[in-house]
Amino acid sequence: MGNLLKVLSYSDLEQCPTFFLDFEHAQPTEAETVVWNQVNSVLEEAQGILAELQSYRGAGQEIRQAIQNPSDVHLQEEAWRAVCPLVAKLKRFYEFSLRLENALHSLLEALTSPPYAPTQHLEREQALAKQFAEILHFTLSFDELKMTNPAIQNDFSYYRRTVSRNRLNNFQVDSDCDVNNEMANRMSLFYADATPMLKTLSNATTKFVSENKSLPIEDTTDCLSTMACVCRVMLETPGYRSRFTSTETLLFCMRVMVGVIILYDHVHPVGAFAKTSKIDMKGCIKVLKDQPSTSTEGLLNALRYTTRHLHDDTTSKQIRALLQ
């Protein structure tokens with residue numbers, strides 16, 4: 001299959017097919033082009049979104065000055081002028097999450113539709129599998145940046161308080177934010193979550209399953225578990241690792257593996273850590289721990305703190321110990 005090489009049929013341990021997927025060079029076939037173009041139009045903006053978020057500094061100083069001097073009109077105006085463009089930026093991030101949700105829906109539809117099984121789809125439609133991986137990579141990157149930047153919620157909280165106070169006082173202010181009350185409520189819910197993009201993907205996947213009742217949930221979760229197996233095999237096999245031309249691809253592969261595990265854990269009824277899971281969690285954690293800690297500690301923390309079923313009774317003590 002060119003860039004996609006079948007490695008095993010089924011593992012006795014995992015009941016899960018594994019493939020080598022070339023994340024660097026997979027190109028869409030004619031059959032993939034329509035969905036690929038649709039998703040690509042969204043992914044083209046992803047790096048710009050991450051760059052904007054990475055450079056987000058907040059208006060903490062202006063807000064503090066305004067709060068400490070409530071009667072100083074000049075300081076109130078300065079804080080408002082500082083916050084408004086930031087809120088406009090937060091609105092763009094939120095609106096991008098909605099577009100990402102639609103892109104994920106299109107990919108899930110393509111990668112789980114009959115007559116092919118999810119494993120066959122991933123083998124046949126490697127460019128779409130790569131896009132799915134890119135969405136997961138973006139999601140983890142966005143949420144890592146958001147979690148380490150408290151200014152985001154502080155800025156938006158100040159904006160909402162100011163709007164509410166102005167409304168009570170019948171005071172109209174010029175605003176470039178263009179955030180109505182309904183949008184502000186939705187943005188508040190989005191940014192209140194520790195991992196908002198992951199929550200978006202999780203909700204989108206759950207919604208996809210509920211809307212496609214004729215499609216067994218296993219078709220969706222098998223797509224996720226297969227991707228986890230793909231990544232683990234590539235990371236733990238030197239012959240496959242050596243095919244990548246960049247160390248960035250190895251980090252990409254680790255992020256995708258963790259992202260798909262977390263998504264699986266949120267969507268599957270019993271999660272990724274149960275004995276019946278089709279993901280070899282011990283193997284995946286070991287692969288991460290075998291890498292330099294500087295590149296994996298954040299990913300291990302994502303498994304510790306953003307999964308849903310880690311602390312269930314069905315999770316073995318060995319797996320819990322590995323993540324301590």
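Starting from 1, each residue takes its place in the sequence as its number. For clarity, every value in this text was computed on a predicted model and none was experimentally measured. Side chains included, hydrogens not; waters and symmetry mates left out as well; all remaining heavy atoms used.
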> Phe273 and His309: aromatic ring centres closer than 6.0 Å?
Replying inline: no

> For Phe132, which residues count as a ring pair (Phe, Tyr, Trp, His ring centres under 6.0 Å) partner, sequence neighbours excluded?
Replying inline: none

> When you look at Leu299 and Leu303, which way does the side chain to side chain contact (heavy atoms under 4.5 Å, CB included) test go after all the steps?
Replying inline: CA-CA 7 Å; Leu299 297 177; Leu303 290 176; over 6 Å; no

> Taking all atoms of both residues into account, what is the closest heavy-atom pair of Glu32 and Leu128, and its distance?
Replying inline: OE1-N, 3.1 Å

>> Salt bridge or not between Asp22 and Arg243? Use side-chain N to carboxylate O under 4.0 Å.
In response: no

> More than 12 heavy atoms of other residues, nucleotides or ligands under 6.0 Å from CD of Glu24: is that the case?
Replying inline: yes

> Would you call the rings of Phe142 and Phe93 parallel, tilted or perpendicular if under 30° counts as parallel and over 60° as perpendicular?
Replying inline: perpendicular

> Given the rule in the side chain to side chain contact (heavy atoms under 4.5 Å, CB included) test, do Glu101 and Leu98 qualify, once you have shown the distances and angles that lead to the verdict?
Replying inline: CA-CA 5 Å; Glu101 182 178 347; Leu98 303 180; 4.2 Å; yes

>> I'd like to know if Arg92 pairs up with Glu52 as an ion pair, taking the criterion as any Lys NZ or Arg NE/NH1/NH2 lying under 4.0 Å from an Asp or Glu carboxylate oxygen.
In response: yes

> So which heavy atom on Leu224 is nearest to which on Val260, and how close?
Replying inline: O-CG2, 3.3 Å

> Do you reckon Met147 sits in the same ILVMFWY cluster as Ile261, going by side-chain contacts under 4.5 Å, direct or chained?
Replying inline: no

> Can you tell me how far CE of Met227 sits from OG of Ser225, rounded to the nearest 0.5 angstrom?
Replying inline: 10.5 Å

Would you list the atom pairs, donor with acceptor, under 3.5 Å between side chains in residues 281-289 and any protein atom, with sequence neighbours excluded?
| unit_1 | atom_1 | unit_2 | atom_2 | d |
| --- | --- | --- | --- | --- |
| Lys282 | NZ | Gln318 | OE1 | 2.6 |
| Lys286 | NZ | Asp290 | OD2 | 3.0 |
| Lys289 | NZ | Leu322 | O | 2.5 |

> So, is the end of the Arg186 side chain (NZ or CZ) under 6.0 Å from the ring centre of Tyr94 and within 45° of the ring's axis?
Replying inline: no

> If you take all heavy atoms of Val39 and Gln131, which pair is closest and at what distance?
Replying inline: CB-OE1, 3.5 Å

>> As a quick check of understanding, evaluate side chain to side chain contact (heavy atoms under 4.5 Å, CB included) for Phe138 and Leu100, giving each step before the final call.
In response: CA-CA 10 Å; Phe138 167 82; Leu100 198 71; 3.8 Å; yes

> Any chance OH of Tyr116 has more than 12 other-residue heavy atoms, nucleotides or ligands included, within less than 6.0 Å?
Replying inline: no

Donor-acceptor list for residues 105-112 side chains, cut-off 3.5 Å, not counting sequence neighbours:
| unit_1 | atom_1 | unit_2 | atom_2 | d |
| --- | --- | --- | --- | --- |
| Ser106 | OG | Gln38 | OE1 | 3.4 |
| Ser106 | OG | Gln38 | NE2 | 2.7 |
| Ser106 | OG | Asn102 | O | 3.3 |
| Thr112 | OG1 | Leu108 | O | 2.5 |

> Where is the tightest heavy-atom contact between Phe23 and Cys253, given as atom of each residue plus distance?
Replying inline: CE1-SG, 3.9 Å

> For the residue pair Gly271 and Ser277, what are the closest heavy atoms and their distance?
Replying inline: O-CB, 3.8 Å

>> Looking at Arg304 and Glu297, is there a salt bridge between them, counting it only when a charged N and a carboxylate O are closer than 4.0 Å?
In response: yes

> Among Asp155, Val179, Val163, whose side chain to side chain contact (heavy atoms under 4.5 Å, CB included) with Val87 holds?
Replying inline: Val179

Show me the donor-acceptor pairs within less than 3.5 Å that the side chains of residues 42-50 make with the rest of the protein, sequence neighbours left out.
| unit_1 | atom_1 | unit_2 | atom_2 | d |
| --- | --- | --- | --- | --- |
| Glu44 | OE2 | Asn40 | ND2 | 3.4 |
| Glu45 | OE1 | Arg99 | NH1 | 3.2 |
| Glu45 | OE2 | Arg99 | NH1 | 2.3 |

>> With a 6.0 Å cut-off (strictly less than), is the heavy-atom count around NZ of Lys199, excluding the residue itself, greater than 12?
In response: no

Would you tabulate the side-chain donor-acceptor contacts of residues 60-72 under 3.5 Å, counting partners in other chains and residues two or more places apart, or write 'none'?
| unit_1 | atom_1 | unit_2 | atom_2 | d |
| --- | --- | --- | --- | --- |
| Asn69 | ND2 | Gln65 | O | 2.9 |
| Asp72 | OD1 | His74 | N | 3.0 |
| Asp72 | OD1 | Leu75 | N | 3.1 |

> For His268, which residues count as a ring pair (Phe, Tyr, Trp, His ring centres under 6.0 Å) partner, sequence neighbours excluded?
Replying inline: Tyr264

>> When you measure from the side chain of Arg308 to the backbone of Asp265, do you find a donor-acceptor pair of N or O atoms at a distance under 3.5 Å?
In response: no

